[in-house]
Amino acid sequence: MSVVTRFAPSPTGFLHLGGARTALFNWLFAKRYGGKFLLRIEDTDRVRSTDDAITQILNGLKWLGIEWDGDPILQHSRANRHREVVSFLMDSGRAYKCYCTASELEEMREKARKQGNPVRYDGTWRDKDPQDAPPGISPVVRFKALIEGETIIDDGVQGKISISNKQVDDMVLLRADGSPTYMLSVVVDDHDMGITDAIRGDDHLTNTARQTQLFKALAWETPKFSHIPLIHGSDGSKLSKRHGSVELGFYEKMGILPEAMCNYLLRLGWSHGDDELISQEQAIKWFSLDGIGKSPSRFDLDKLINMNGHYIRSSDHSKILDECYRLLCLKWGKEAVDENKDKFIYLRSELIQKSNTIIQIIESIDFIFEKKPISYDDKALKILTNEAKILLNKIANEFLECKDWSEEHIEEIVRSFVKKENIKLGNIAQPIRSALTGTNTSPGIFSIIFVLGRSEVIKRISDAVKK
RNA sequence: GACCCCUUCGUCUAGCGGUUAGGACAUCGCCCUUUCACGGCGGAAACACGGGUUCGAGUCCCGUAGGGGUCACCA
């Protein structure tokens with residue numbers, strides 16, 4: 001039987017790092033075995049689900065390069081099928097109506113907590129005669145779970161796990177308004193979609209016992225589940241909005257490449273010996289369940305950024321350039337960018353070589369676009385001493401007389417100036433840098449002088465000297 | 001609280017009974033150097049603890065501690 005996996009996000013929030021990794025693993029697993037990867041939107045909670053979230057999830061997956069087979073399935077559209085399964089369960093005596101009110105349930109839990117018992121539904125309506133149903137209350141439908149024995153889960157990552165059936169209570173299948181719950185829908189949909197393997201977060205592990213019982217009650221085959229440990233924040237706590245950086249779009253905005261993100265996510269919880277840089281093609285060849293670790297891992301932004309640097313340097317430069325152009329336009333406006341495009345093109349190799357993120361590239365050419373007169377930061381100001389200004393005046397004259405405005409010739413001028421003045425290159429390079437960029441860091445000094453052009457250079461130097 | 005899972009450098013991890021416990025990120029030092037980086041070289045840095053099993057344990061078993069997850073008419 002060929003492999004069918006799925007990613008089943010709930011559109012109650014955005015696609016975050018954990019979800020992205022789950023999607024990646026399922027996708028990789030399907031590719032590895034030549035199977036299909038399906039997408040199912042778990043929107044049975046009509047109140048909390050939003051279209052925005054769906055769009056964002058889809059975009060996030062596309063950005064990562066994860067393509068699903070067929071159209072995404074919207075779970076709520078299958079409600080009738082879910083209800084049909086419940087009536088089968090009712091007929092076969094594996095489900096029943098429960099008329100407990102919310103306050104009764106709360107009381108029940110409170111009592112169990114006080115007595116130190118597991119907090120579960122106590123089965124009040126399990127064997128009651130439906131004739132006793134109180135008037136005016138619309139019931140929920142509960143699954144009649146097994147009371148004795150234990151449920152064995154053969155997990156692809158965690159191995160064999162047994163959970164006592166005493167731990168599993170009679171879960172709600174249909175809400176009072178007749179809508180199906182998640183617990184029912186996953187089971188029915190996984191079966192109907194022909195899912196053979198599903199990789200999902202650890203947080204579903206104990207739910208699996210409930211779902212397994214449902215599969216059995218329906219006489220359906222259970223997919224092979226593999227529960228992967230969760231990703232934690234850098235402080236070791238559960239990844240949450242508190243970390244401010246769980247959303248995938250956050251990383252796109254900071255100039256992380258999707259390839260780097262995939263590679264990083266892949267290495268978080270999965271390994272293939274000492275391999276670190278793993279292309280998508282290679283990952284598809286290597287991916288398997290036994291490379292997945294059992295312990296939770298922390299998210300490390302530094303490592304992601306470093307990995308991103310490798311991808312920036314090794315990927316197709318024209319692709320990087322396109323992305324830079326897009327972001328540059330966003331930042332400075334298309335007109336300004338087009339006007340200065342050749343400057344950026346000239347500096348591109350150096351920039352790509354030394355940057356770890358797209359944003360770093362963009363920021364290192366801020367000086368090109370700064371409005372004149374440019375502003376100087378503290379470090380630049382510190383460099384612009386009186387002695388430095390004297391040197392700047394002198395070198396400005398040299399530039400004025402320069403006949404051949406090429407980077408090579410500019411370097412000649414500066415180097416012979418250094419010799420003449422008996423100073424170190426740094427003594428003049430840093431003041432020039434400050435004058436031209438308003439900061440103390442920039443691309444190579446000769447290339448920025450060349451790129452800015454003679455009149456601009458003269459102008460900026462004279463502005464700086466007047467400071 | 002009950003149940004389930006986890007535990008190797010600061011972080012991600014390799015290791016699948018015999019290793020000087022390896023790699024990567026971060027960190028420190030040196031080199032390169034006009035700045036910031038990139039790159040190169042080198043250093044420091046880990047088997048949570050306690051019992052077993054075994055000739056031999058990071059590797060197997062049992063406890064303890066710590067961490068995580070689940071206990072909804074959320075998914």
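A note on names: the letters A, B, ... follow the listed sequences, proteins ahead of strands, and every chain is numbered from 1.
Among pairs with a residue in residues 145-189 of chain A, those fulfilling ring-ring contact (aromatic ring centres under 6.0 Å, His included) read Y182(A)-H204(A), at least two apart in sequence or across chains.
For R109(A), no side-chain nitrogen or oxygen approaches OP1 or OP2 of rC71(B) to under 4.0 Å. Between S185(A) and the phosphate of rA75(B), there is no side-chain N or O to OP1/OP2 separation shorter than 4.0 Å.
Sequence order on RNA chain B of the closest nucleotides to R298(A) and Q167(A) puts Q167(A) first from the 5' end. Of the two residues near RNA chain B, G269(A) and P180(A), the one whose nearest nucleotide lies more 5' is G269(A).
Atom P of nucleotide rU13(B) and atom CG of L266(A) are separated by 11 Å, given to the nearest angstrom. Residue R21(A) contributes atom CZ, which lies 11 Å from atom C1' of rC12(B) at whole-angstrom precision. Here rU13(B) presents its P atom at 14 Å from CG of N263(A), a figure rounded to the nearest Å. Nucleotide rC71(B) holds its P atom 15 Å from the CD atom of E106(A), rounded to whole Å. Rounded to whole angstrom, the span from the CD1 atom of I228(A) across to the C1' atom of rC12(B) amounts to 15 Å. Between Y182(A) atom OH and rC71(B) atom P the separation is 10 Å, expressed in whole Å. Atom CH2 of W270(A) is separated from atom P of rU13(B) by 12 Å (rounded to the nearest Å). Between D169(A) atom CG and rC71(B) atom P the separation is 10 Å, expressed in whole Å.
Base pairing of rG1(B): its partner is rC71(B), meeting the Watson-Crick or G-U wobble criterion (both donor-acceptor distances under 3.5 Å). With a 3.5 Å ceiling on both atom-pair distances, rU20(B) lacks any Watson-Crick or G-U wobble partner. Using N1 to N3 plus N6-O4 or O6-N4 for Watson-Crick, or N1-O2 and O6-N3 for G-U wobble, each under 3.5 Å, rC36(B) pairs with nothing. Base pairing analysis places rU7(B) opposite rA65(B); the two distances defining the Watson-Crick or G-U wobble pair are each below 3.5 Å. For rA26(B), there is no paired base (Watson-Crick or G-U wobble, both distances below 3.5 Å).
Electrostatic pairing of E456(A) and R460(A) counts as a salt bridge here, judged by a charged N lying under 4.0 Å from a carboxylate O. Of the charged side-chain nitrogens involved, at least one lies within less than 4.0 Å of a carboxylate oxygen, so that D169(A) and R210(A) count as a salt-bridged pair. Ion pairing of R126(A) with D170(A) is present here, as a side-chain N (NZ or NE/NH1/NH2) and a carboxylate O approach within less than 4.0 Å.
For F344(A), the ring pair (Phe, Tyr, Trp, His ring centres under 6.0 Å) criterion is met by no residue, not counting sequence neighbours. Under the salt bridge (Lys or Arg N to Asp or Glu O under 4.0 Å) criterion, E421(A) pairs with K394(A), sequence neighbours left out. Residues meeting the salt bridge (Lys or Arg N to Asp or Glu O under 4.0 Å) test with R109(A), sequence neighbours left out: E106(A). The salt bridge (Lys or Arg N to Asp or Glu O under 4.0 Å) test applied to E259(A) returns K319(A), not counting sequence neighbours. Among residues two or more places apart in sequence or in another chain, the ring pair (Phe, Tyr, Trp, His ring centres under 6.0 Å) test is passed with H272(A) by W286(A). Residues meeting the ring pair (Phe, Tyr, Trp, His ring centres under 6.0 Å) test with F143(A), sequence neighbours left out: none. In this structure K331(A) satisfies the salt bridge (Lys or Arg N to Asp or Glu O under 4.0 Å) test together with D366(A), sequence neighbours excluded.
Taking the P atoms as reference points, rA72(B) lies 23 Å from rG67(B), given to the whole Å. Nucleotides rC16(B) and rG50(B) have their P atoms positioned 25 Å apart, rounded to a whole Å. rU54(B) sits 39 Å from rG69(B) when the P atoms are compared, rounded to a whole Å. rG42(B) and rA24(B) are spaced 11 Å apart, taking the P atom of each and rounding to whole Å. Going from the C1' atom of rA57(B) to that of rC62(B) covers 15 Å, rounded to whole Å. Comparing the P positions of rA21(B) and rA48(B) gives a spacing of 15 Å, expressed to the nearest Å. To the nearest whole angstrom, the two P atoms, one in rA2(B) and one in rA44(B), are 46 Å apart. rG58(B) and rC9(B): their P atoms are spaced 15 Å apart (whole Å).
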Pull out every protein N or O sitting under 3.5 Å from an N or O of nucleotides 4-7 of chain B, one pair per line with the distance.
unit_1: rC5(B); atom_1: O3'; unit_2: Q158(A); atom_2: OE1; d: 3.4
unit_1: rC5(B); atom_1: O2'; unit_2: Q158(A); atom_2: OE1; d: 3.3
unit_1: rC6(B); atom_1: OP1; unit_2: K294(A); atom_2: NZ; d: 3.0

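Aromatic stacking is marked for H204(A) over rA75(B), as both cut-offs hold: 5.5 Å for the centres and 30° for the planes.
Here the two rings, on F299(A) and F250(A), have centers that are 6.0 Å apart or farther. The aromatic ring centres of F25(A) and F7(A) sit 6.0 Å or more apart.
Note on T44(A): only backbone sugar-phosphate atoms sit closer than 4.0 angstrom, heavy atoms only; bases stay farther off. Residue contacts for M183(A): at a heavy-atom cut-off of 4.0 Å it reaches a base atom on one of the strands shown.
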Quick one: side chains of residues 374-381 of chain A, donor-acceptor pairs under 3.5 Å with protein atoms, not counting sequence neighbours, listed by atom name and distance.
unit_1: Y376(A); atom_1: OH; unit_2: A464(A); atom_2: N; d: 3.4
unit_1: D377(A); atom_1: OD1; unit_2: K379(A); atom_2: N; d: 3.2
unit_1: D377(A); atom_1: OD1; unit_2: A380(A); atom_2: N; d: 2.8

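Closest to the R48(A) side chain, of the nucleotides rC3(B), rA75(B), rC12(B), is rA75(B).
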Readout for nucleotides 19-38 of chain B: B = base within 4.0 Å of protein heavy atom, S = sugar-phosphate only, - = neither; 5' to 3' it is ---BBBSS-------BBBBS
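For the segment residues 133-144 of chain A, the set of residues with a heavy atom within less than 4.0 Å of an atom of RNA chain B comprises V140(A), R142(A), in numerical order.
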